[in-house]
Number of protein chains: 2
Amino acid sequence: MNLHWDDLKTVLELVRHGSLASAGAQLGVNYTTVARRVARAEAALGEVLFERLADGYQPTEAALLVARHAGEMQQSEDTLLRHLAGRDERLSGPLTLTAPQLLIAHVLAPALQTFAEAHPNVDLRVKATNDLLDLTRREADLGVRVSRDPGDTLTGLRLAAQDSASFASADWAARIAEDPTAPIDWIVYEAHATLPKHVLQTSPSSRIRYRFDDMIALAGAAQAGLGVVRMPMFLGRSLDGLVQVPLLPPTPYMDIWLVGHPDVWPSAKVTALRQAIRADLKARRALFVA
Amino acid sequence: MNLHWDDLKTVLELVRHGSLASAGAQLGVNYTTVARRVARAEAALGEVLFERLADGYQPTEAALLVARHAGEMQQSEDTLLRHLAGRDERLSGPLTLTAPQLLIAHVLAPALQTFAEAHPNVDLRVKATNDLLDLTRREADLGVRVSRDPGDTLTGLRLAAQDSASFASADWAARIAEDPTAPIDWIVYEAHATLPKHVLQTSPSSRIRYRFDDMIALAGAAQAGLGVVRMPMFLGRSLDGLVQVPLLPPTPYMDIWLVGHPDVWPSAKVTALRQAIRADLKARRALFVA
DNA sequence: TGCAATACGTGCGAAAATGCATGCATGAAT
DNA sequence: ATTCATGCATGCATTTTCGCACGTATTGCA
């Protein structure tokens with residue numbers, strides 16, 4: 001009986017995910033298939049790879065060894081896929097972009113439309129998420145990220161510098177204009193965030209009333225009048241029902257980057273999308289700064 | 001449609017072997033299966049991997065790229081298999097030894113018998129060939145080789161130093177004893193071999209009458225009385241119908257080595273076989289030298 | 001104690017992969 | 001010109017693999 005490479009891949013995912021069901025989900029197969037492939041791999045290798053316990057499959061040392069080398073194989077596969085993608089000169093077929101939802105909705109949409117009309121044969125897939133997808137593993141071909149730099153392994157193009165400022169509903173804006181010393185409710189992003197020093201000095205009656213882990217929810221809360229938020233200029237300007245309030249002067253914020261893996265970067269489709277996005281944002285540069 | 005690792009392996013073997021049939025033979029599947037897997041890989045990658053020409057499948061650049069990375073994957077697989085074998089402490093299951101036919105027949109057989117009796121659960125497989133099997137790819141676990149050194153990547157244990165001398169049938173031996181100046185027919189090994197200088201000086205009437213590319217055939221020819229041969233001491237002594245003749249004094253010959261890959265070397269089965277062979281040959285050390 | 005969720009094994013029918021037989025094309029040898 | 005060997009495509013029957021439905025065991029929680 002001889003060893004199937006796909007069975008090694010299956011062992012790898014089972015070691016990574018711990019249960020037949022989740023490994024199967026990752027592989028796109030039923031969990032029974034995972035169990036059967038593992039059994040086949042055990043027969044082929046002559047080694048017990050997992051202990052079948054009540055709460056799941058527990059990998060043996062041999063399984064960890066298999067997983068280690070199968071991981072290397074997967075890296076080779078990833079590299080192959082990147083190289084194939086990178087030398088692809090066709091302007092057709094799938095192309096995957098990832099970006100935060102709010103950037104897509106309020107910034108990137110026009111560029112995507114321009115691109116889609118210019119290249120009707122490209123099947124553009126947009127993964128809208130704040131998760132940093134792994135471009136090394138080709139979870140996406142290009143990514144738009146808000147960060148200080150593009151990172152070590154990725155190639156990056158700075159699309160725009162941006163400022164942040166304070167925004168709130170018209171209600172709140174009126175109240176602040178009326179009585180600058182009145183108590184101010186802030187809605188801040190992420191659990192451990194603090195108020196900017198400037199705010200603490202000039203508006204000592206400020207307090208953090210809500211902490212949100214999601215920028216979309218936070219924006220909605222601000223629109224609903226729950227309080228004042230600090231957010232990028234483009235976002236405050238784009239959202240209905242929000243106006244800038246003078247609590248926090250415009251401050252430099254993280255830049256917007258277009259990033260990609262250097263192997264994939266030269267592909268025709270990636271180059272075309274890159275240029276479409278870059279041209280569009282260059283024309284609207286003023287949207288992002290005060 | 002998603003990519004099967006086994007299809008990458010299939011593309012690799014097709015690139016290496018050039019035809020569906022030989023790739024299929026290598027993989028142990030029908031050639032139609034190779035054709036279908038290649039078609040599947042092409043669909044999954046969105047790339048044409050081979051041009052179907054009248055005289056076979058011609059790989060495209062993309063196929064060469066696939067093959068390169070699939071080769072890396074195969075190396076990972078080989079390394080995995082070696083590591084698994086190396087940490088195997090069981091004295092059961094398959095164990096493969098490779099050695100030249102004549103060494104097995106006339107030297108190793110007793111040691112193998114001892115080993116087999118001591119370890120009845122080991123399934124000992126002997127690959128008798130002069131080809132140097134690839135121990136890195138686990139074509140064998142241990143090899144016995146006649147050479148100057150074990151090579152760079154393999155671990156080696158010198159089993160015996162040996163001499164060579166001249167041998168011939170009883171007929172020839174009598175003729176030489178009778179008239180040392182009579183013409184002597186030599187049978188030499190390999191195409192470009194020449195007679196030793198010592199022979200040219202002391203027996204100027206010597207001439208090369210036959211050149212053989214196979215030591216077994218050569219030994220048989222000597223037994224049949226076709227002429228005089230130079231061969232290792234152990235072999236001349238072991239073959240019926242051959243006696244040593246004084247044309248060529250015993251001369252140091254290449255050593256006999258037991259070699260293995262360092263990853264596999266510590267395995268229990270390999271260690272046991274190694275010790276059996278080493279002990280046996282140590283006891284019969286005199287067989288190899290004058 | 002009872003219920004829901006998670007995790008796995010098993011049997012069966014459906015789907016996919018495989019092997020085999022046949023036929024065609026090409027090139028080399030007779 | 002004919003024959004043979006090599007190499008591949010295609011259709012069909014078989015084998016293998018897979019997904020699904022059902023059953024069991026365990027854990028956590030109310």
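In what follows, chains carry the letters A, B, and so on, assigned in the order in which the sequence lines appear, proteins first and then strands, with residues in each chain numbered from 1.
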Walk along nucleotides 7-17 of chain D from 5' to 3' and tag each nucleotide B, S or - by protein heavy-atom contact under 4.0 Å, base first, then sugar-phosphate. SBBB------S
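The pair A:Glu42-A:Arg36 does not count as a salt bridge, with every side-chain nitrogen at least 4.0 angstrom from each carboxylate oxygen.
Atom CD of A:Glu51 and atom P of C:dC8 are 14 Å apart (whole Å).
Under the rule for a salt bridge (Lys or Arg N to Asp or Glu O under 4.0 Å), B:Arg211 has no partner lying at least two apart in sequence or in another chain. Looking at residues two or more places apart in sequence or on another chain, you find no salt bridge (Lys or Arg N to Asp or Glu O under 4.0 Å) involving B:Asp55.
When each of B:Leu81, B:Thr79, B:Asp78 is tested with B:Arg137 by the rule side-chain contact (heavy atoms from CB on, under 4.5 Å), just one qualifies, namely B:Asp78.
OP1 or OP2 of D:dC20 lies within a sub-4.0 Å distance of a side-chain N or O belonging to A:Asn30.
For the residue pair A:Ser19/A:Ser22, the side-chain donor-acceptor check at 3.5 Å is satisfied.
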